[in-house]
Amino acid sequence: MAAERYNAPAREKHWQKVWDKGRIFEASDDESRPKCYVLEMFPYPSGRIHMGHVRNYAMGDVFARYKRAKGFNVLHPMGWDAFGMPAENAAMERKVHPGKWTYQNIDTMRGQLKSMGLSLDWSREIATCAPEYYQHQQKLFLDFLKKGIAYRKSSKVNWDPVDHTVLANEQVIDGRGWRSGALVEQRELTQWFFKITDYAEELLRDLDTLTNWPEKVRLMQANWIGRSEGMLVRWALDEKTAPQGAGELEVYTTRPDTLFGASFLAVAADHPLAKAASENNAELAEFCEECRRMGTSVADIEAAEKRGFDTGIRATHPFDPSWPLPVYVANFVLMDYGTGAIFGCPSGDQRDMDFARRYDLPVVPVILPPGEDAATFTLKNKAYEDDGVMINSRFLDGKSTTEAFEEAASRLEKQKLAGKPQGTRKVNFRLRDWGISRQRYWGCPIPIVHCSDCGVVPVAEKDLPIKLPEDATFDKPGNPLDRHPTWKNCSCPKCGKAATRETDTMDTFVDSSWYYVRFTAPKAATPVDKKSAQYWLPVDQYIGGIEHAILHLLYSRFFARAMCDTGHLQFATNTREPFAALFTQGMVTHETYKSQDGYWLLPNEVKFEGEGASRHAVEAASGRPVTIGSIEKMSKSKKNLVDPDDIIAHYGADCARWFMLSDSPPERDVIWTEAGVAGAGRFIQRVWRIVEDIANAYPSADEQAKPATFGPEAETVRKAAHRAMDQVGKAIEALRFNVAVAQIHEFANVLQAALTKAADGKAPPGLDWASREAARFLVTMIGPMMPHLSEECWARLGYNTLLANEPWPDIEAALLVDDQVTIAVQVNGKRRDELVISRSAGSQEVEAAALALEAVSRALEGRPVKKVIVVPQRIVNVVG
RNA sequence: GCGGACGUGGUGGAACGGUAGACACACAGGACUUAAAAUCCUGAGUUCGAAAGAGCGUGUGGGUUCGAGUCCCACCGUCCGCACCA
């Protein structure tokens, strides 16, 4: 009788219901058990889930289910990053309220995630757009404000002209808005900021403790924070040339050692000194204006030449009162880094060199590169920026760069200018404070009131939440809250007079900066239930895309600390890191298809003909030729999408999951192919057949009645089973899912071969018991990856428990090693033969056996043996 | 420009400094079938050879080592991040 095929779509629904009904994935705080918090980056409810989600959540689910089986109390929650621009765009385009649109999407996507069979605790579901969530965020904001972590200031900000809102520095990529892609403009606005710079030092230092984070992400964050050690140096300005009241100019430098190579000073166009000097100098004013107009896009900066304008002001060298230097306004000096002013040392900095050559300023080499002769060393147009020995530097001559730094720094510290030290050591960071004001509707309202008498007043806590008005309009661009007829009218919490609300909302990255904390007690009356947070945090394994390497991950690291400092959060251990381990998975890619007329085609609009090199595609409907394009990230614009729903309906969720986990290492991109999915589908049927065969052939083997001895066939099966179990566990632990899949394949091959052989004749001794055990192992080890299939197999084997609740089996260590080992035999490093020998054989025994091999003596060609290296149980190398 | 990662068969990829190519996809041959599908078995880095076997093989060139895909140096290529940060 031919075995029934496993009907994945039907059985998957069944098991999902069983799990759901048993509420087996709901987590509770249980101090007596070791916890494991597994989290995947929660999705933005854009409409439907895509394959990227499937990959992300499949990985997280394997890890979560595995940890469950290993006895951990697992927290594996899911929620929605539900505020954001697309909802407002939808409102503008389709006249649907952002809230309605968002919740509809959430319903759709929740259904899709449920069809994946994820071991999620849905009782903890949160949506950041719900007042039940954002009211706590408003409370956090008020406490940040009290503590000085939130503040308001006027500054130049990035303005996205398409989304009509401000963007944080982290959200500007190559001069464009991260979401809209529009060229960002600079605008002077009063905005709310979070003082992330107060944490710069800690955020940088603690990167070292994140040993379970990808090196790449840590490096990116370190570069973003951008720490540099240097000095603030004050230069006296010549009274006769300086504007009134401007007695000195402070510059920031990381190279006080090169002070004797200085040939000019330069300030940014927006520097106060530039402004003062412009007052009586129309030409200079015009130059400053030109600098301000200069674009900030990459192309603009690359095209821009180093240009400057001599202000006529002269400064005095700190180490030589008789040495005057010109002060320029220069277009390459940034106002918002350091002091907005520099001293230029052309020989030690390429930008200064370019500038000096253009304006014919002196170029004095002060650092001699190793191996160069001081007498002959010259610099053309290339600055030497590395370390060496000081020259042309008076009291610094002969010192190393480091020594010279110290000497110059300590002299400047002692030296006085106008009664104060001329130089002070200063650590500078590239990181800027996080601007969180957004001129949008669909975000968390900032709980602030503006009163004409009292100024900026925080909303009283009893008045939280400040809810969004339902009846906003979206028919034109701009901030719907600001133009709402009544919403912003309120009374001042301090004096009671008529006042107006803050109409800006918070950056949606604020919402996602603490959701992982909220998951630990999603219904608590306060933002955080400290006890629950202490039990569950930090997240043990966080999984998501590399695109958040800086944005979300840096903000979250800051937020955890800010929440600690405002008394909301406390970690059980000596850390303030929210994510103990991070894994960044690769993207899902697919071939692209273009029609003759040049428009993109969906994969299911294309039909393939031929194989290998002659493979080509035609339009399924018309038969017209199609160009197969490059493999790219699945995207709507290129139409190279495969809908998870279609795959799940046709092949089942297990198949999609298994394919995603096979072959490609999880950190790399995976190419979605129809053939690959079909292959995964075949393996599912294969597992089902193996289990059916065993269940039919050995329906009643008693697990307790383990035979005392096993025949060689049974022994082989047992070894393969225990080894695979061991390897698969280790691979999952290390998130090496592709390796786990390969181990399972290998084991299935061994098992199937043994069964096929046994079917020919009478069953060898112990194979019945070993096969039952092997089936049990096989089903358990595929459990985390293909939970429905394995549940079905578990039942087919006659168990009336749920596999999802079963522990990971114990492994017999004795079965992991062989009595006999195969050792490779090399002659002069080249493999010539191999040797099967007892595992316990000593070096001398192995050596003797190796030298006795015919292949060895042949390879030696009569040369005497000089040396024999024996690596026990691995290899022998005969050197001759 | 600065910083980083990567480079292995037709393809995706395995490989504590120790038998390179596990496992899979695709391919070829065979079995079963009236036939197909499904399934099962076998083969395969490459060159020479009937075979046994030998040579060559992890981007290129050097080096360290008894032994290098793995470590070091230089170069080539691909990808990623930052980008006038003083």
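The chains referred to below are lettered A, B, ... by the order of the sequence lines, with proteins before strands, and numbering in each begins at 1.
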Using atom P in both nucleotides, what's the gap between rG10(B) and rG21(B) to the nearest angstrom? 16 Å
Side chain of E834(A) (C-beta onward), nearest among rU19(B), rA14(B), rG81(B): rU19(B)
So, are E215(A) and R218(A) salt-bridged, with charged N and O less than 4.0 Å apart? yes
Touch class at under 4.0 angstrom, heavy-atom based, for S662(A) against every strand present: nothing
Write down the distance separating the P atoms in rC71(B) and rG18(B), rounded off to the nearest Å. 11 Å
At under 4.0 Å, does any side-chain N or O of R831(A) touch on OP1 or OP2 of rG55(B)? no
Syn or anti: how is rG9(B) classified when any glycosidic angle within 90° of 0 counts as syn? syn
The residue, T673(A) or A753(A), whose nearest nucleotide of RNA chain B is more 5′ is T673(A)
Nearest to the side chain of N877(A), heavy atoms from C-beta on, is which of rA83(B), rC25(B), rG18(B)? rG18(B)
If you measure from the C1' atom in rG12(B) to the same atom in rA22(B), how many Å do you get, rounded? 13 Å
Taking the six-membered ring for Trp and the full ring for Phe, Tyr or His, determine whether the centres of Y359(A) and Y328(A) are under 6.0 Å apart. yes
Can D818(A) and R723(A) be counted as an ion pair, charged N to O under 4.0 angstrom? yes
Report yes or no: is there a donor-acceptor pair, N or O only, under 3.5 Å between the side chain of K866(A) and the base of rC66(B)? no
Rounded to the nearest 0.5 Å, what separates atom CE in M353(A) from atom NZ in K382(A)? 9.0 Å
Say you pick atom C1' in rG29(B) and the same atom in rU78(B); how far apart are they, in whole Å? 38 Å
Of all of residues 821-828 of chain A, which get a heavy atom below 4.0 angstrom from RNA chain B, listed by number? T822(A), A824(A), Q826(A)
Output row for RNA chain B, stems defined as at least 3 consecutive Watson-Crick or G-U pairs under 3.5 Å, is B:1-7 with B:76-82, B:10-12 with B:23-25, B:27-31 with B:39-43, B:45-48 with B:53-56, B:59-63 with B:71-75
Could you tell me how far rG69(B) sits from rU19(B) if I compare only their P atoms? Round to whole Å. 10 Å
Base, sugar-phosphate alone, or nothing: which one does I869(A) contact when heavy atoms must sit under 4.0 Å apart? base
Backbone of P784(A) reached by a side-chain donor or acceptor of R657(A) within 3.5 Å: yes
Could you give the distance separating rU33(B) and rU39(B) at their C1' atoms, to the nearest angstrom? 11 Å
R832(A) near the nucleic acid: base, sugar-phosphate alone, or nothing, with a heavy-atom cut-off under 4.0 Å? sugar-phosphate
Hey, does M634(A) have a side-chain heavy atom less than 4.5 Å from the side chain of V642(A)? yes
Could you work out which one of rC40(B), rA86(B), rG55(B) sits closest to the side chain of R689(A)? rC40(B)
Side-chain N or O of N738(A) closer than 4.0 Å to phosphate OP1/OP2 of rA14(B): yes
Per A742(A) side chain, nearest of listed nucleotides rC23(B), rG12(B), rG13(B): rC23(B)
Looking for any heavy atom pair under 4.0 Å, which part of the strands does V868(A) touch: base, sugar-phosphate only, or nothing? nothing
Using a cut-off of less than 4.0 Å, is there contact between a side-chain N or O of K830(A) and OP1 or OP2 of rC56(B)? yes
Taking CD from E746(A) and P from rC25(B), how many angstroms apart are they, rounded to a whole number? 14 Å
Could you tell me how far apart E674(A) (CD) and rA26(B) (C1') are, to the nearest whole angstrom? 15 Å
When you check the phosphate oxygens OP1 and OP2 of rG67(B), does a side-chain N or O of R874(A) lie under 4.0 Å from one of them? no
From rA14(B), rC84(B), rA86(B), pick the nucleotide closest to the side chain of S228(A)? rA86(B)
Per atom distances to the Y252(A) side chain, the nearest of rA86(B), rC40(B), rA15(B) is rA86(B)
Check this for me, if you would: do D726(A) and K730(A) make a salt bridge, where the nitrogen-to-carboxylate-oxygen distance has to be below 4.0 angstrom? yes
Nearest heavy-atom contact between I367(A) and D386(A) is CG2-O, 3.8 Å
Suppose you measure atom C1' in rU58(B) against the same atom in rA68(B); what distance do you get, rounded to whole Å? 11 Å
Minimum-distance nucleotide to Q752(A) side chain [options: rC85(B), rC40(B), rC23(B)]: rC40(B)
The residue among I744(A), V687(A), V677(A) that forms side-chain contact (heavy atoms from CB on, under 4.5 Å) with W658(A) is I744(A)
Which nucleotide, rG18(B), rA14(B), rA54(B), lies nearest any side-chain atom of R858(A)? rA54(B)
Tell me whether the OP1 or OP2 atom of rG13(B) has a side-chain N or O from R668(A) closer than 4.0 Å. yes
CD1 (I546(A)) and CD (Q585(A)) are apart, to the nearest 0.5 Å, by 10.0 Å
For the side chain of T254(A), counting heavy atoms from C-beta on, which of rC85(B), rA86(B), rU39(B) is nearest? rA86(B)
Check: F355(A) ring centroid to F264(A) ring centroid under 6.0 Å: yes
According to a strict under-4.0 Å criterion, is N749(A) in side-chain N/O contact with OP1 or OP2 of rA24(B)? yes
Using only atom types and a distance under 3.5 Å, with no angle test, would you say the side chain of Q422(A) pairs donor to acceptor with the backbone of R234(A)? yes
Presence of R430(A) side-chain N/O under 4.0 Å of rA83(B) phosphate oxygens OP1/OP2: yes
Salt bridge check: are R255(A) and D349(A) linked by an N-O gap of less than 4.0 Å? no
What contact category does V879(A) fall into here, base, sugar-phosphate, or nothing, at under 4.0 angstrom with non-hydrogen atoms? sugar-phosphate
Separation of the C1' atoms in rC82(B) and rC73(B), to the nearest angstrom: 27 Å
R686(A) or D349(A): which one's nearest nucleotide on RNA chain B is closer to the 5' end? R686(A)
Side chain of A675(A) only, please: which of rA86(B), rC25(B), rG81(B) is the nearest? rC25(B)
